[in-house]
Each structure stands twice: as structure tokens, then as C-alpha cells.
Number of protein chains: 2
Amino acid sequence: MTRVLIVEDEPQLRRALGINLHARRYDVVTVADGGGALRAAAANPPDLVILDLGLPDMDGVEVIHGLRGWTQVPIIILSARDGQDDKVDALDAGADDYLTKPFGMDELLARIRAALRRAQPNEDAPVITTETFTIDLAAKRVTRADVEVRLTPTEWHLLEVLTRYPGRLVTGKQLLQEVWGPTHGVETNYLRVYMAQLRRKLEAEPAHPRHLITEPGLGYRFEP
Amino acid sequence: MTRVLIVEDEPQLRRALGINLHARRYDVVTVADGGGALRAAAANPPDLVILDLGLPDMDGVEVIHGLRGWTQVPIIILSARDGQDDKVDALDAGADDYLTKPFGMDELLARIRAALRRAQPNEDAPVITTETFTIDLAAKRVTRADVEVRLTPTEWHLLEVLTRYPGRLVTGKQLLQEVWGPTHGVETNYLRVYMAQLRRKLEAEPAHPRHLITEPGLGYRFEP
DNA sequence: CTGGGGCGCTAGGGAACCGTCAAGATCGTC
DNA sequence: GACGATCTTGACGGTTCCCTAGCGCCCCAG
């Protein structure tokens, strides 16, 4: 879960932010001053920081520097001051975004999403693991006993379609149309050949497959 | 030099932005509408886009989508509207930042610096090291056995995109579009030529590459 | 027991893809 | 305007991949 560190001295706003973010399924940690922020971030590195500039114990820019000394976590600034100099200083110190109070919760949430999206270049880590092999769909990479297995484009395409419906039956016609195009639907010999190759490359005993299962007369099934 | 694409229909503001950014040593390209923005970006991919949402010919969010279809270039939104929905839509469409008019030039410049700083992939590893060569992304330098290797701009750009996804497969189409612009997607000649040059300059045995790997029919992979 | 259908498996020809080289075109600089 | 560096384009073998045909196995029905 995404951990958000909220640094805000006003109890009311701190509470409102915590409730709203918690409702959005963020893992929320709240602190009231800069020293607490640095300690909390060090003890439990967050994925995003929401930082009020007007803190009682230290200057907000100091907090930014304290974080930027060792982490690149996205920092979103909240501030009551609308002065340009404040914004410039905070952004140049390494902040990622700046909101002036009063602000709307929807805008803050959108900016949080944007900051997280930037920080993590669209990596929704779709990794599928079985006893004998591991499939990393994003990296297009299959390893078996820590050894990389090379798949051809067609083999990949077929495996991708099968893993899209884990544990469920996929008919031969559907596989053919997804991989070879809508005009194909009956040439089941393609399937037999490529399923055999996939099993040979992935299964421990290709003659007795445990994950790429044949459903006679119907189609195939991928069993995680 | 850093190329900035300014999309602004008001002639006066367009001119002011151009002058200010040019004075800051940015390479400035200005257009007045959304269609021109997409064409200009395609012809000459910029390093950053400043986009006014209130364009005469098309909705600003459409322009964002048109760019996000093929590039991760930072986009900063300018808008006269202060509505939350506008901001949410733009940021969710893939914009990186949002300024409401009127804004100060210093703040815009600070946000530009912040966006460019974020765009640089030196968040985790400004220096990538392999057995045979070292890549310093921040300094744009490559050394091999402590000797600096000279790369042409295109070679560097290609290497940058590959190293942005270490260990992951990058398709030929994606490489072509990131380096040569969205209109290129099939001229795989370019890729073959430049991959060969990179391998000749970086790999110990260019005929048997260990870090710049070909995945036949799929694309290429940078192996750290 | 026998024949047939569905499925697994292998090998080979042709096509697509890739690495390489070289020459022309283009750009920037002096 | 000349020069060097860079980018583009085309062509050539070598490699990989896709498709096809054929054969053997298993199961089951006749």
C-alpha cells in the first residue's frame, strides 16, 4: 500500500487530510512538526510527503533539504502564503508541487496521483509465479530456475493470452483469433505446435504438464 | 540545449513567454493552437511542453492525450480557469503541473526547473555501471576502461531510453517513437544501425553483446 | 481387435528479421 | 564556401522464426 506522510501543525486540517487519504486507501502517517517529519520518514520511508511550510519548530525549506539529502520521495507543499518567493524557494529546494491554502481536496488528490504516477513510471509489476517458472509481463521475461528462457514473439503472445485468464478455460478458437488474427479460427495445428514449444520451454515434465493444461475437445487452461 | 514547446493562443503572452525563456537559455518553439502543438512536437520532440488549456481549435485535454500517446515529456498547464474539475482532468490526463492565470514568471520558471529535474531519470541511479562501461546520466558521459567514449546525440538518446528501463524489454516501435518522434514506427533500419554503433563503442565483443541484447521480433533490452 | 479422431512432437523450407558495411544527404562550424 | 561530423538510405549475407506436413500415441467406439 502507498504510504503518505502528512506534516501539518493545524490539528483540524491534519485530521481532515488523514481521514480523506485513509478513505482513498492510502496508508497514512501524520506528524505535527518538522523534526517529527524527518524522524518518521527515516524510520519508515514514505512513498509521498505532504508538507505544510508553516511549521512551529523549523522552516519548511529545511525539512525539504533534510529529506532530499537521502531520498527522492515526491514532496507536495501546502502553504498559506501565496508569495512567489516562497514557492520558488520550495520548488528549487526539491519540492515537486505547491498548493496554496485554501485548496480543494479533489485537487490535492489529483496532484497526489500525478506525483505518484511520475515517481513510478507506470510499473504495475505484473509478475506471475509458479513452482517451476516466473513470468514478468512488463519486462517480457521468463525465468525458470533462475535461468532466462527465450520465447519467440508468437510464443509470448500465446502465453500472454493464457495468463490473462488464470485458472480459466480458453477455447482454441479464442486463442487463434487473439494471436493469429480474427480470420483464423480452425487451424488448430498452430496451437498444438506452439503449446508443445511452450511446454518444452517452461514445464518441468513437458509430457505431463502441470500449468499449461489441455482440456480435450475444448481448449487450454493456465494453472498458476 | 533544452527545447521548450510553448502552446499559447494569446499573442502577447506567447511572446512574453518566449522572450523570458529564451533569455534563460532555453531553445524555444512557440505555436498558437493544439494542432500546431502536436505537429511541432512530432517534428521536433521537445524536452518540456507549456500548454494553455484554452485553445481555439481543440480541447487542451485532447492535446495532452495526443502527446501522452507516445512521449513522457513533462507538460505544464496554464489556464485561466481555476475550477477544480479542470485541474483534475488535466492532471489525470497526464499533465505534470498546473498554473492558474495570472501567474508570476518566477514561479513558472521554478516549476519548469522542477519538472525538468524530475524528468531526468537520475532519481535512483545517476550512474549505471556494468562490467565493461559506465554511464553517467546526469553528466551525459560514458566511460569504458576509464576512457571517455564519445556518443553522438542520437546514440545518447537511444541509450538513455534503453537504460530508463533496465532489464526490461523495449519494443522497436517505442524506441523509434521516443527517439525519432511519433511519425516513425517502422523504419527499423535506424535502430539496427545505431544499435550496432552503440555496441561497437560500448561492448567488449560487439558480435556477442552482453548488455545491449536483441530479442528477435520483439525489440531490445539493456542488461545492467 | 481394429480403425479413426484428437493430440503431441519433430524436422525442414521459405519468409521475415537482424547485423554490417558503405555511400549519399544533411547539418553545423569555421 | 569548404570541411568534418552526423544522420539517412540502400543492399548484402546470416540468423531466427513461422508455418506446414508427417508420424506416432492414446483413447474410444464399433
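Computed from heavy atoms alone, side chains included, the values below leave out hydrogens, waters and symmetry copies. Throughout, protein chains are lettered first and strands after them, A, B, ... in sequence-line order, and every chain is numbered starting at 1.
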(message) Using a 4.0 Å cut-off to any heavy atom of chain A, which nucleotides of DNA chain C are the first and last in contact, reading 5' to 3'?
(response) C:dC7 to C:dT10
(request) Please work out which residues in residues 193-216 of chain B have a non-hydrogen atom less than 4.0 Å from an atom of DNA chain D and list them by number. (result) B:V193, B:Y194, B:P216
(request) Go through residues 152-179 of chain A and report each residue with a non-hydrogen atom lying under 4.0 Å from DNA chain D, sorted by number. (result)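 Residues of residues 152-179 of chain A under 4.0 Å from DNA chain D: A:T152, A:P153, A:T154.
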(message) Suppose the criterion is ring pair (Phe, Tyr, Trp, His ring centres under 6.0 Å): which pairs have a residue in residues 128-153 of chain A, not counting sequence neighbours?
(response)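 Applying ring pair (Phe, Tyr, Trp, His ring centres under 6.0 Å) to every pair that reaches into residues 128-153 of chain A, excluding sequence neighbours, yields A:F133-A:H211.
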(message) Applying side-chain contact (heavy atoms from CB on, under 4.5 Å), can you list everything that pairs with A:T171, at least two apart in sequence or on another chain?
(response)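 Here the qualifying residues are A:K173, A:Q174.
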(message) Just to verify, what does B:A110 make a side-chain contact (heavy atoms from CB on, under 4.5 Å) with, not counting sequence neighbours?
(response)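 For B:A110 the side-chain contact (heavy atoms from CB on, under 4.5 Å) partners, ignoring immediate neighbours, are A:V88, A:L91, A:D92, B:R113.
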Show the distances under 3.5 angstrom between N or O atoms of the protein and N or O atoms of nucleotides 27-30 of chain D.
none

(request) List for me each residue that meets salt bridge (Lys or Arg N to Asp or Glu O under 4.0 Å) alongside A:R192, sequence neighbours excluded, and say none if there are none. (result)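 With sequence neighbours excluded, A:R192 shows a salt bridge (Lys or Arg N to Asp or Glu O under 4.0 Å) to no residue whatsoever.
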(request) Using salt bridge (Lys or Arg N to Asp or Glu O under 4.0 Å) as the criterion, list what pairs up with B:D86, not counting sequence neighbours. (result)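 Once residues adjacent in sequence are excluded, the partners of B:D86 under the salt bridge (Lys or Arg N to Asp or Glu O under 4.0 Å) criterion are B:R81.
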Considering only NZ, NE, NH1 and NH2 on the basic side and carboxylate oxygens on the acidic side, decide whether [X] and [Y] come within less than 4.0 Å.
X      : Y      : result
A:E205 : A:R210 : no
B:E107 : B:R111 : yes
A:R141 : A:D136 : no

(request) Looking only at side-chain atoms of A:R150, point me to the closest of D:dC17, D:dT6, D:dC19. (result) D:dC17
(request) With DNA chain D as reference, determine whether B:N189 or B:L151 sits nearer its 5' end, using the nearest nucleotide of each. (result) B:L151
(message) The criterion is side-chain hydrogen bond (donor to acceptor under 3.5 Å, both in side chains); which residues satisfy it with B:E155, sequence neighbours excluded?
(response)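 For B:E155, the residues satisfying side-chain hydrogen bond (donor to acceptor under 3.5 Å, both in side chains) (neighbours in sequence not counted) are B:K201.
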(message) Looking at B:W180, I'd like to know whether one of its side-chain N or O atoms comes within less than 4.0 Å of OP1 or OP2 on D:dT8.
(response) yes
(message) Please confirm whether the shortest side-chain N or O distance from A:Y190 to OP1 or OP2 of D:dC18 is below 4.0 Å.
(response)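 The answer is no; no side-chain N or O of A:Y190 sits under 4.0 Å from OP1 or OP2.
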(request) Enumerate the residue pairs fulfilling side-chain hydrogen bond (donor to acceptor under 3.5 Å, both in side chains) with a member in residues 46-67 of chain B, sequence neighbours excluded, ordered by first and then second residue. (result)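 Qualifying pairs, neighbours excluded: B:D52-B:K101.
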(message) Check whether A:D96 reaches the backbone of A:I75 with its side chain - one donor and one acceptor, N or O, closer than 3.5 Å.
(response)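 Such a contact is found between A:D96 side chain and A:I75 backbone.
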(request) Decide if the gap between the ring center of A:Y194 and the ring center of A:W180 is smaller than 6.0 angstrom. (result) yes
(request) Could you list all the salt bridge (charged side-chain N to carboxylate O under 4.0 Å, His left out) pairs where at least one residue sits in residues 16-34 of chain B, not counting sequence neighbours? (result) B:R3-B:D27
